[in-house]
Protein chains: 2
Amino acid sequence: MNLPPLVQSFVLHFGEMGSRWGINRTVGQIYALLYVSPEPLNADQIVDSLGISRSNVSMSLRELQAWNLVLLKHLPDDRRDFFTTPDDVWQILRTLAEERKKREVDPTLSVLREILMQQPASDAERHAQARMAEMHGLIEQLTTWYDDVKKLETDRLATLLTLGAKVTRLLEAKDKIISLGRSKRNADKA
Amino acid sequence: MNLPPLVQSFVLHFGEMGSRWGINRTVGQIYALLYVSPEPLNADQIVDSLGISRSNVSMSLRELQAWNLVLLKHLPDDRRDFFTTPDDVWQILRTLAEERKKREVDPTLSVLREILMQQPASDAERHAQARMAEMHGLIEQLTTWYDDVKKLETDRLATLLTLGAKVTRLLEAKDKIISLGRSKRNADKA
DNA sequence: CAGTTATTTCAGTAATTACTGAAATAACGA
DNA sequence: TCGTTATTTCAGTAATTACTGAAATAACTG
């Protein structure tokens, strides 16, 4: 590996994190490298930077493209492929969320729905279905929220996040007032 | 594997999803099994249900305990350990979020902070640091929001989710009015 | 204490996943 | 067309991760 020390730390960390997810070390490293590079890189530059085989780079880039995490660029009079990441980190986050939903949440939802359609043949199955219904409800609620939020542009999403906390506090304050009123009335009754 | 068909589908699916995360197949299967079981299970019951070795169950339960995803129960006059999952799915979600943050987000934040402290030795490093600063900012904003939200009890969290969408729409409406006002003024000027 | 039961540890092995180098394909230009 | 360059594919191998069975430990009982 042949990189400025500061970049190298970042790349190595992402390699480790990658293997902690489903993504493997190399894919994580390549992504990190592209993310911090001032301009797009071609496959051979990645080979030189990370010290891995050309074929590994090819496969890993394909994986990153399947995740929509990487942009393909072309320079004039150069038929090599160059790769970058989007400039906007919030856009990257959105893509990541979308892809993980597609791979992890959606299949789970459809399995749950399918099972919930079936007729339980025992008490054990009836109980299992009830539990799955709870899980299904939770996931549906989360995805409904997500579907609403995902369309927001970067700056509005940021606003919503900082606002989110305030909405929470508002809710708490409202509840406190209501419960104060209730306990006052209860006290009056006694 | 010796399970009611409906439970088996669920368990198998979670096994596959498990290996798509860092978690392995067996851990995923055991968790799914515990999640749908009407009462706590001991290790031997898990062995029988899933057809895996006793030692594998022991290691996998240890893993689940490290993730705080599983509760240890004891029956009177029985010194075996029995395991369950929490009843409240929202509590499960909170735990999952907390543990993933601890394992994935926090280490990344600290690596980023450390790198950002250092003096860049080149333009490449300067640019890399700027990119890392963007990423750091995004993660900080997300975790601030998360820290606010995570303390909410189940029903209030659910409220916030359904509300979240409305807050969004409110923001959009407000922006539309403002931009309408602006474009009117601009039209007047012309 | 010895005997019984529950659980854990761990070395060895099986299974899976990652990676490489060589060959194949593809896309050009002369 | 052939030669050159870029990229992909894939069989073989390396590396990693998962799993097992046997032995060790631990926690109890009589």
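Chain A is the first sequence line, chain B the second, and so forth, proteins listed ahead of strands; every chain is numbered from 1. Owing to the predicted nature of the structure, the values given are computational and were not obtained by experimental measurement.
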Problem set entry | Carboxylate-amine/guanidinium proximity below 4.0 Å for A/Glu99 and A/Arg103 | yes

Exercise. How many Å lie between CG on B/Asn56 and C1' on D/dA22, as a whole number?
Worked result: 16 Å

Problem set entry | Residue closer to the 5' end of DNA chain C, B/Arg25 versus A/Arg25 (nearest nucleotide) | B/Arg25

Exercise. B/Asp44 CG to C/dT4 P: how many Å, rounded?
Worked result: 18 Å

Problem set entry | Euclidean distance, atom CD of residue A/Glu63 to atom P of D/dT9 [Å, nearest integer] | 13 Å

For this session: Let me know which of A/Lys101, A/Arg100, A/Arg113 forms a salt bridge (Lys or Arg N to Asp or Glu O under 4.0 Å) with A/Asp106.
Result: A/Lys101

Seminar exercise, completed: To the nearest angstrom, the CZ-P distance between A/Arg20 and D/dT16 comes to 16 Å

For this session: Would you kindly compare A/Val27 and B/Arg54 by the position of their nearest DNA chain C nucleotide and give the one closer to the 5′ end?
Result: B/Arg54

Exercise. With both distances under 3.5 Å as the test, what is the Watson-Crick or G-U wobble partner of C/dA22?
Worked result: D/dT9

Problem set entry | Nucleotide D/dT17, atom C1' - distance to CE of B/Met59 in whole Å | 11 Å

For this session: Decide yes or no, distance alone: a donor-acceptor N/O pair under 3.5 angstrom between the base of C/dG21 and the side-chain of A/Ser53.
Result: no

Seminar exercise, completed: A/Ile30 atom CD1 is separated from C/dC19 atom C1', nearest whole Å, by 12 Å

Exercise. Between B/Asn24 and D/dT17, does any side-chain N or O lie under 4.0 Å from OP1 or OP2?
Worked result: no

Exercise. With distance as the sole criterion, is a donor-acceptor pair present between the side chains of A/Asn68 and A/Thr95 under 3.5 Å?
Worked result: no

Exercise. Nearest 0.5 Å, what's the CG-CG distance between B/Leu61 and B/Leu34?
Worked result: 7.0 Å

For this session: Please check if any side-chain donor atom of B/Arg131 sits under 3.5 Å from a side-chain acceptor atom of A/Ser37, or the reverse.
Result: no

Problem set entry | Between D/dC19 (P) and B/Ile23 (CD1): distance, integer Å | 13 Å

Exercise. Under 4.0 angstrom, heavy atoms only, what part of the nucleic acid is B/Asp81 near: base, sugar-phosphate, or nothing?
Worked result: sugar-phosphate

Problem set entry | Sugar-phosphate only, base, or nothing, as touched by A/Thr26 at under 4.0 Å among non-hydrogen atoms | sugar-phosphate

Seminar exercise, completed: Taking C/dA18, C/dT9, D/dC10 as options, the one with an atom nearest any side-chain atom of A/Ser55 is D/dC10

Exercise. Does any donor-acceptor pair link the side chain of A/Arg79 with the base of D/dT5 at a separation under 3.5 Å?
Worked result: yes

Exercise. In whole angstrom, what separates A/Gln65's CD from D/dT8's P?
Worked result: 7 Å

